[in-house]
Engineer: 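Dumping the structure here so I can ask a few things about it.
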Amino acid sequence: MQTLQERVRELIIDIPNFPIEGIIFKDILPLFRHSDLVKELVSEMANELRVHNPTALVAMESRGFLLGMPLALELNIPFVCIRKKGKLPGEVNGISYTLEYGQAEIEIQKSALSPTDRVILHDDVLATGGTANAAAQLIQDTGAQLVAFSFLMELNFLNGREIIGLNNVAIHTFAQF
Ligand code: AMP
């Protein structure tokens, strides 16, 4: 009998040289064709996150939304989106950060969090950690407390854990590659 971990890993598919030469893209969409498995996964991930007594779950555009929303539902807390610059209506706070090639900018709605919030930040993949680190800064700038990072998977060889570890909050990764 396979474990949940084994069943999930089997449905994360390596796509070599996508979106550019040299990158092995982790395709998580096959996982979402198995609703019972996703329900089990969300329940297991939420159980680990509950210990932090979170009051909001913030997810990263765009694949972070896929598990972020059901995790927020399971935890019974508000769901908040961080999106790429220019996508969110109303007043926003933004932060720009350096990617391997060039700059990126992400934003959050000013009305989304308050200083009393205890926030979980969720994304699908922890790679170099640059994106999650910028998002952590954006959350902390609202005055809210970041209490944990949550990722479906971590790419160990890129050492993203070292960068985001500087935030001194818990890091949960369901699968490691
Ligand atoms: P990073 O800032 O390097 O940690 O990259 C994290 C972001 O890039 C996440 O939002 C991921 O969705 C995406 N990402 C990075 N590497 C991969 C990969 N090998 N496969 C799929 N998504 C990736």
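Counting starts at 1 for both ligands and their atoms, following the listed order. Everything numeric in this text was worked out from a predicted model, so none of it was measured.
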Engineer: Distance to 0.1 Å, residue and atom name: give those for the protein heavy atom nearest to atom 11 (C) of ligand 1.
Structural biologist: Asp124 OD1, 3.4 Å
Engineer: Give the numbers and elements of all ligand 1 atoms closer than 4.0 Å to a heavy atom of Leu155.
Structural biologist: 19 (N)
Engineer: Any salt bridge between Glu107 and Lys84, counting N to O under 4.0 Å?
Structural biologist: no
Engineer: Please state which protein non-hydrogen atom is closest to atom 9 (C) of ligand 1 and give its distance, to 0.1 Å?
Structural biologist: Asp123 OD2, 3.3 Å
Engineer: Got a sec, which residues hit side-chain hydrogen bond (donor to acceptor under 3.5 Å, both in side chains) with Arg9, two or more places apart in sequence or on another chain?
Structural biologist: none
Engineer: Ion pair present between Arg63 and Asp123, side-chain N to carboxylate O less than 4.0 angstrom?
Structural biologist: no
Engineer: So which protein heavy atom does atom 19 (N) of ligand 1 come closest to, and at what separation?
Structural biologist: Ile24 O, 2.9 Å
Engineer: Only heavy atoms count here, so choose which of Val125, Leu99, Ile28, Asp14 is nearest to atom 6 (C) of ligand 1.
Structural biologist: Val125
Engineer: What protein heavy atom sits nearest atom 2 (O) of ligand 1, and how far away is it?
Structural biologist: Thr131 OG1, 2.5 Å
Engineer: Are any of the N/O atoms on Gly129, whether in the backbone or the side chain, positioned under 3.5 angstrom from an N/O atom of ligand 1?
Structural biologist: yes
Engineer: Report yes or no: do Thr173 and Glu154 form a side-chain donor-acceptor pair below 3.5 Å?
Structural biologist: yes
Engineer: Any idea which protein heavy atom is nearest atom 20 (N) of ligand 1, and the distance to it?
Structural biologist: Lys26 N, 2.9 Å
Engineer: Can Arg63 be said to touch ligand 1, with heavy atoms closer than 4.0 Å?
Structural biologist: yes
Engineer: Regarding atom 3 (O) of ligand 1: of the candidates Thr98, Asp27, Thr128, Ile23, which has the closest heavy atom?
Structural biologist: Thr128
Engineer: Under a 3.5 Å cutoff, is there a donor and acceptor pairing between the side chains of Asn167 and Asn133?
Structural biologist: yes
Engineer: Judged by modelled atom types alone, do His52 and His172 share a side-chain donor-acceptor pair under 3.5 Å?
Structural biologist: yes
Engineer: May I have the step-by-step check of side chain to side chain donor-acceptor pair (under 3.5 Å) for Gln2 and Glu10, ending in yes or no?
Structural biologist: CA-CA 10 Å; Gln2 278 184 308; Glu10 260 181 24; 2.5 Å; yes
Engineer: Looking only at protein heavy atoms, which one is nearest to atom 5 (O) of ligand 1, and what is the separation?
Structural biologist: Ala127 CB, 3.6 Å
Engineer: Output the list of atoms in ligand 1 that are nearer than 4.0 Å to some heavy atom of Gly130, sorted by atom number.
Structural biologist: 2 (O), 4 (O)
Engineer: Tell me which one of Val119, Ile120, Leu146 satisfies side chain to side chain contact (heavy atoms under 4.5 Å, CB included) with Pro54.
Structural biologist: Ile120
